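These figures come from a predicted structure and were not determined experimentally. Each ligand, and each atom within it, is numbered from 1 in the order the structure gives. We number each residue from 1, following the sequence as shown.
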Amino acid sequence: MDNYKEYILVLNSGSSSIKFSIFDQNCNSKGRGLIENINTGNKVRAKYHILDESKNIYFEEFDFVKSIKWMFDLLKEKNILDSLIACGHRVVHGGEYFSESVIIDSYVEDKINLCASMAPIHNPVSLNSIKIIKSLLPDIVQIASFDTAFHQTLPKYVYTYPIPYRFYEENSIRKYGFHGNSHKYVLHKMASIMGKNTSETSLISVHLGNGASVTSISNGKSMDTSMGFTPMEGLIMGTRAGFMDPGLFYYIVQTLDIAPKDLDNILLKESGLLGISGVSSDMREVVKAADEGDERASLAVEMFCYKAAKSMNASLSSLKALDGIVFTGGIGENSGVVRSKILDHMAIIGIEYDHMLNEEIVNGKTGEITRMTSRYPVWVIPSNEELMIAKDVLHLVPNI
Ligand code: ADP
């Protein structure tokens, strides 16, 4: 009984932040926290809500080692640290190596490192956190859960890019897809709502946050997804452009004399809602500006919704049946305006949403927003990627 462990720690490491979540052995949430502005030269802010205590704290400069030590001290004080079953990490890119979560060993570390060229902002910071934790708590089991893993079921004719095949063979250039844990969570939740097995459930899952992606899921398997080799492909996002004419890249570099690295930065950080509206990458602010008569903000919202609907309609091609459409992510969960504009473009396939329900299902609510007469039901389900990781941790490290 002495060895009985109670908690799971889930970490999502970003370039200057760490989000952490605590679950108990039944995967009930016991708290979460965020450390931000790490290594930026600015004051570091940490906030948490754990076991009914909430706090906001500011520190002078902190690096990742100090941040993780601070988090461990906090967990020790709460009697959580010594009772950790394992620690799960969100890792963005697992390439073709991983189709499910795995216990981290030196092989896994090597592969996360190998995939870093495809996720240069994300994979190195996850690996860094993994190594820091290994040095501070050598006995703790660590698990990697990959954003790409859920999409390893994509058919070859979906993931292959129509460029010379040697780029796939020699450089692993192909569609990988992201947001896997979010789409997987939506699948599990929707299957349980409908009383079906995930293997019998077919959906279009629409994650609209700062990043955005549409995934078609056929009988529990990802069949197509809008993000690609990088999370830049697909929908219009907060600061990312999404689908574009590939001919434009050469034109911009050659004719406008913009360096490839700068173009990459423009497409990643200066485009999307921010680039079109000139107002913000935050959908709330763009919608507000549009309501106040700002034409470019209005254009940004129209473009965002049209491109999302276009991708959702296109994803029907990859399905044989459809049980429902699900919105998730910060925008998908909260913006009735955006959802209604998207669904207006889908009336052709028989979607009939209920205006009142669409306005009501926000702020963390789960519910259906379509009428009985709608050909397909449309649901809103708040995402919980951390829960999927915690479940994988328990699966890999049973608490016995
Ligand atoms: P991330 O992809 O970084 O995890 P989130 O899923 O939290 O992001 O989504 C962030 C986005 O959600 C922002 O664009 C924000 O404007 C949007 N959002 C949050 N609440 C609302 C709301 N009430 N109406 C419209 N957009 C919202």
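Looking only at heavy atoms of the protein, atom 16 (O) of ligand 1 is closest to Asp282 OD1, 2.3 Å. Nearest to atom 24 (N) of ligand 1 among the protein's heavy atoms is Arg284 CG, 3.5 Å. Looking only at protein heavy atoms, the nearest one to atom 25 (C) of ligand 1 is Ser335 CB, 3.5 Å. With hydrogens left out, the protein atom closest to atom 14 (O) of ligand 1 is Met283 N, 3.3 Å, a heavy atom. Closest protein heavy atom to atom 3 (O) of ligand 1: Asn210 ND2, 2.9 Å. The protein non-hydrogen atom at the shortest distance from atom 17 (C) of ligand 1 is Ile331 CG1, 3.5 Å. Nearest protein heavy-atom neighbour of atom 4 (O) of ligand 1: Lys19 NZ, 4.8 Å.
With sequence neighbours left out, the ring pair (Phe, Tyr, Trp, His ring centres under 6.0 Å) criterion links His89 to no other residue.
Classification of Glu352 and Arg375 as a salt-bridged pair fails, no side-chain N sitting under 4.0 Å from a carboxylate O. With respect to the salt-bridge test (charged N to carboxylate O, under 4.0 angstrom), the residues Lys175 and Glu233 qualify. Note on Glu109 versus Lys134: salt bridge recorded, some NZ/NE/NH1/NH2 to OD/OE distance being below 4.0 Å.
Between His183 and His151, the ring-plane angle classifies as perpendicular under the 30° and 60° cut-offs.
Contact atoms of ligand 1 toward Gly211: 2 (O) (distance under 4.0 Å to a heavy atom of the residue). Every atom of ligand 1 is numbered from 1 in the order shown, and the set under 4.0 Å from a heavy atom of Asn334 is 19 (C), 20 (N), 21 (C), 22 (C), 23 (N).
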Verdict with reasoning, Glu6 to Lys30, per salt bridge (Lys or Arg N to Asp or Glu O under 4.0 Å): CA-CA 11 Å; Glu6 211 174 332; Lys30 290 291 155 188; over 6 Å; no
Intermediate values then yes/no, side chain to side chain donor-acceptor pair (under 3.5 Å), Tyr7 and Gln25: CA-CA 6 Å; Tyr7 297 107; Gln25 74 275 33; over 6 Å; no
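In this comparison of Gly336, Pro382, Gly330, the heavy atom closest to atom 9 (O) of ligand 1 sits on Gly330.
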